[in-house]
Amino acid sequence: MNSPPTVAHPAHKDYEGSKLGMWLFLFTEILLFGGLFILYSAYRARYPLEFHNSGQHLNVVIGVVNTIILLTSSLTVAISITALRRRDRKLSLLSLSATIALGAAFLANKYIEWSGEIHHGLYPNSPALMQRPHGDQIFFGLYYSMTGLHGLHVLAGIVLLSVVLVFVIREKITGTDFNKLENAGLYWHLVDVIWIFLLPLFYLAA
Amino acid sequence: MSSYLDDNGGRRGILGWIASTDHKRIGVLYLASMLILFFIAVAIGVLMRIEQLALDPPLFAPQVYNAFFTVHGVIMIFMFVLPGLPAVFGNFFLPIMIGARDVAFPRLNLLSWYFFIAGATIVISSLFTGNGPPDTGWTFYAPFSLKTGTNVVLGVLGAFVLGFSSILTGLNFITTIHRLRAPGMTWHRMPLFAWSLYGTAWIQLLATPIIGITLLLIIAERLFGIGVFDPAKGGDPLLYQHLFWIYSHPAVYIMILPAMGAISEIIPTFAHKTIFGYKAIAYSSLAIAFLGSLVWGHHMFTSGMSETANLVFSLLTFIVAVPSAIKVFNWTATLYKGSIEVKAPMLYALTFIFLFSIGGLTGLMQGALAVNVHLHDTYFIVGHFHYVMFGGTGIGFLAAILYWFPKMFGKTYSEKTAFLSWIPIFIGFNMLYFSMLVLGYMGMPRRYFTHLPQYHSAHVISSIGSFIMAFGLVLFFANLLVALFKGKKAEQNPWGGVTLEWQIPTPPPAENFLVIPEIKGRPYAFNRRASDE
Amino acid sequence: MEQTDMQEHIIPYRTLVFVWLLLILFTAILVSASRLFHETLSVGAMLVLTPIKAGLVFFYFMHLKYEKTYLKALVLLTLGLLVLVIGLLFFDVLYR
């Protein structure tokens with residue numbers, strides 16, 4: 001049985017415990033988005049045709065570009081960890097900065113994308129949307145809720161990674177004491193995983 | 001030797017309490033704040049009973065009554081019964097029981113209390129601002145919750161923030177149990193209270209985010225018109241109910257599991273006998289946590305769900321009763337041939353078994369589809385859930401506080417007053433809630449500010465019961481309050497308990513243990529029948 | 001401060017890049033399938049490839065492949081619970 005070390009209060013560093021805590025937090029995120037996926041699945045079953053058609057109003061190019069951006073940012077943050085543990089601080093900082101930049105690019109794309117759709121009158125409670133069939137309204141309601149919540153999480157991730165970047169620069173995170181970076185990476189990867197599911201559900205629905 | 005009560009952690013005055021990351025102080029902070037909120041909600045409940053007493057003309061307008069039952073529910077559920085035993089006794093005793101110095105994430109622990117206070121403040125503020133407190137019931141059902149002009153957004157936001165408190169507690173307890181058990185403290189040597197907290201923590205962690213997103217969606221609907229629950233836009237209010245109960249049913253197991261865990265501690269101590277069926281009780285906590293996540297549809301039998309869903313959820317509801325029943329059998333079997341000493345904690349623990357059984361059985365009755373058609377949205381339901389939430393968790397909370405008070409505060413309360421207060425509590429409780437079972441059976445709907453004349457006598461009994469019970473509760477807590485300041489010094493182990501908290505000084509020192517113990521034997525190894533499983 | 005019980009395994013760069021290439025490839029297949037193929041086939045591709053993509057991120061980028069068994073079990077239990085809940089919900093959604 002796993003026997004934890006006997007330690008004196010208060011300073012103890014439990015790497016495995018810290019990682020477990022982070023994974024547990026990720027479970028809450030999975031369930032949070034899970035609630036929305038539950039709604040999506042129920043409504044997709046109810047309005048299959050409208051969901052199929054509404055997907056055509058979304059900008060697939062931006063959707064795919066954003067997917068590539070996030071997948072690449074997952075790569076860069078993972079590289080950042082390997083680099084730091086191999087004492088290549090320069091590569092680590094470069095990769096981490098790239099991750100943050102890619103995240104920002106994702107949000108910039110999202111801004112352009114949403115502006116486009118809002119310009120076309122497709123936003124919650126818009127007169128144009130209210131005239132469309134029910135299935136379309138639900139599709140867009142879910143679209144804005146799910147990509148919106150996801151975007152908020154991307155923003156939070158950018159802030160988190162920036163803080164971690166400062167810690168790496170100041171050597172509060174090092175090659176031997178890297179679990180904050182790793183935990184931040186775990187969060188970022190989950191944000192990526194959620195997008196992996198959002199892509200086919202909305203953009204490839206058509 | 002100095003205790004955690006003397007150790008201000010290098011801070012001055014009240015900061016030593018509200019900025020402390022000591023799990024014991026955080027437990028006490030929760031206790032104090034929860035009890036204040038509890039008595040506010042009790043007062044609202046009494047006002048509701050007065051409304052039913054003063055039939056014609058009504059004392060309060062219907063709108064006011066709607067706000068009463070909404071706020072009473074929101075406070076009781078989100079600020080008392082849900083945090084309940086985990087926030088107070090889990091925080092205080094889990095680390096000690098497993099031989100640790102604190103929880104895995106002490107600062108996160110303090111943050112969870114801050115979220116609790118923030119959430120409570122937001123909910124209370126909804127009473128005094130804008131168009132007044134929400135009038136939707138604590139269940140916030142769409143479409144009414146989307147359309148009513150009252151402070152739904154504030155109320156729901158408060159509940160959302162409170163959810164963070166619950167999630168962080170769960171996260172902390174899971175990590176603590178996985179990582180901080182003392183050498184030799186294997187999973188099967190952990191006290192049953194710890195097992196119950198483990199099962200509870202998983203529900204807190206996994207179920208709460210679902211209500212989180214549901215509440216956010218209400219806000220999104222009210223502010224942006226998203227439309228997912230609005231029939232005018234193609235939304236389905238039934239999906240709101242699904243999402244709501246996918247959390248709120250498991251939530252009741254958050255409420256009851258730790259209370260059952262406390263009872264599993266108290267019964268062996270006062271029967272001076274090892275608990276019967278340790279593994280069965282331990283694993284039934286996990287079984288209840290899992291199965292309890294699959295029965296939510298039984299709140300929706302008459303809502304318009306498919307008949308297939310009705311059948312599936314009814315079957316699952318019957319199945320989930322089994323692990324709870326296993327616990328009741330095992331507690332009873334523990335008493336058999338024990339050397340039973342009915343001190344105050346034991347009296348309340350035995351009361352728990354009785355009242356919870358009534359609550360559980362009435363729940364089973366409701367799980368039967370044909371019966372549910374008649375009972376849904378009647379006072380029967382109200383009676384049922386008060387028997388489990390109050391007769392169960394509430395009385396369990398009282399039993400736990402009587403059990404652990406000497407250890408927590410180093411003072412002795414009056415055993416006599418504890419017994420005396422039991423009388424109005426027990427009599428008042430049953431007058432108050434058994435009448436409701438009868439009323440519901442006779443067809444009285446719930447959440448109505450008034451009632452037809454044929455229901456009046458039962459309502460009178462119920463209301464008088466509420467006054468008697470409220471008096472008993474005040475007596476109960478007055479006893480503890482007096483003991484806090486003037487009570488005799490408590491011994492280290494007044495009850496002869498065998499779990500780790502009774503092996504350390506009373507009150508515990510700040511770091512719990514001078515030396516982390518090494519565990520060599522099974523839990524509950526009393527001198528008599530020490531070879532029992 | 002040196003950490004106790006640190007993991008030994010560091011994921012090599014080439015593994016990371018290879019996984020990334022797979023992810024891009026699968027994304028390309030998904031997008032083409034949705035444009036070119038019959039609906040059933042493209043939906044089928046989505047149902048197969050999307051979980052595989054997510055799995056790659058979990059197992060390699062998030063290091064789950066190299067973690068202790070209990071953590072893998074907990075991830076599986078969490079996802080399994082979500083699937084179970086959706087499944088139960090569909091007893092209502094499909095048969096109303």
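FYI, side chains are in, hydrogens and waters are out, and symmetry mates aren't considered; it's all heavy atoms of this structure. Every chain is numbered from 1 and lettered A, B, ... according to where its sequence line falls, protein lines coming before strand lines.
Neither the backbone nor the side chain of A/Arg132 comes within contact range of chain B, judged by heavy atoms closer than 4.5 Å. Contact annotation for B/Ile211: neither backbone nor side-chain heavy atoms come within less than 4.5 Å of a heavy atom of chain A. Of the two parts of B/Leu243, only the side chain, counted from C-beta on, holds a non-hydrogen atom closer than 4.5 Å to a non-hydrogen atom of chain A.
How far CD1 of B/Ile167 is from CZ of A/Phe27: 13.5 Å, rounded to the nearest 0.5 Å. Here CD1 of A/Ile138 is found 9.0 Å from NZ of B/Lys233. Values are rounded to the nearest 0.5 Å. Here the straight-line distance linking atom CG of B/Leu108 with atom CZ of A/Phe25 works out to 10.0 Å at 0.5 Å rounding. We find the CG-CE distance between B/Leu171 and A/Met22 to be 9.5 Å, quoted to the nearest 0.5 Å. Atom CG in B/Asp230 sits 8.5 Å away from atom CD in A/Gln137 (nearest 0.5 Å). For the atom pair CD1 (B/Ile213) and OG (A/Ser145), the distance works out to 7.5 Å, reported to the nearest 0.5 Å.
Considering every non-hydrogen atom in both A/Leu24 and B/Trp202, the closest pair reads CD2-CH2, 3.5 Å.
B/Phe105 is not listed as a side-chain neighbour of A/Asp14, based on a closest heavy-atom distance of 4.5 Å or more. Residues B/Leu206 and A/Thr28 are not in side-chain contact: their nearest non-hydrogen atoms beyond the backbone lie 4.5 Å or more apart.
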Might you work through the side-chain contact (heavy atoms from CB on, under 4.5 Å) test for A/Tyr43 and B/Leu239, ending with a clear yes or no? CA-CA 9 Å; A/Tyr43 280 126; B/Leu239 282 176; 3.4 Å; yes
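Of all residues spanning residues 30-41 of chain A, those with a heavy atom less than 4.5 Å away from chain B's heavy atoms are A/Leu31, A/Leu32, A/Gly35, A/Leu36, A/Ile38, A/Leu39, arranged by number. Heavy-atom neighbours of chain B within the stretch residues 116-131 of chain A, taken at a separation under 4.5 angstrom, comprise A/Pro124, A/Asn125, A/Met130. Against chain B, no residue from residues 104-112 of chain A qualifies, as none has a non-hydrogen atom under 4.5 angstrom away.
Comparing B/Ala207, B/Ala100, B/Gly227, B/Gly235 by how many heavy-atom pairs each has under 4.5 Å with chain A, the most go to B/Gly235. Here B/Ile210 is the residue among B/Ile210, B/Thr208, B/Leu168, B/Asn512 with the most heavy-atom pairs under 4.5 Å with chain A.
The stretch residues 156-165 of chain A participates, sequence neighbours left out, in no side chain to side chain donor-acceptor pair (under 3.5 Å) pair at all.
Around atom NZ of B/Lys147, more than 12 heavy atoms belonging to other residues, nucleotides or ligands sit under 6.0 Å away. In this structure, B/Tyr114 places its OH atom where more than 12 heavy-atom neighbours from other residues, nucleotides or ligands lie under 6.0 Å away.
The backbone N or O of B/Ala232 sits less than 3.5 Å from a side-chain atom of A/His134, completing a donor-acceptor pair.
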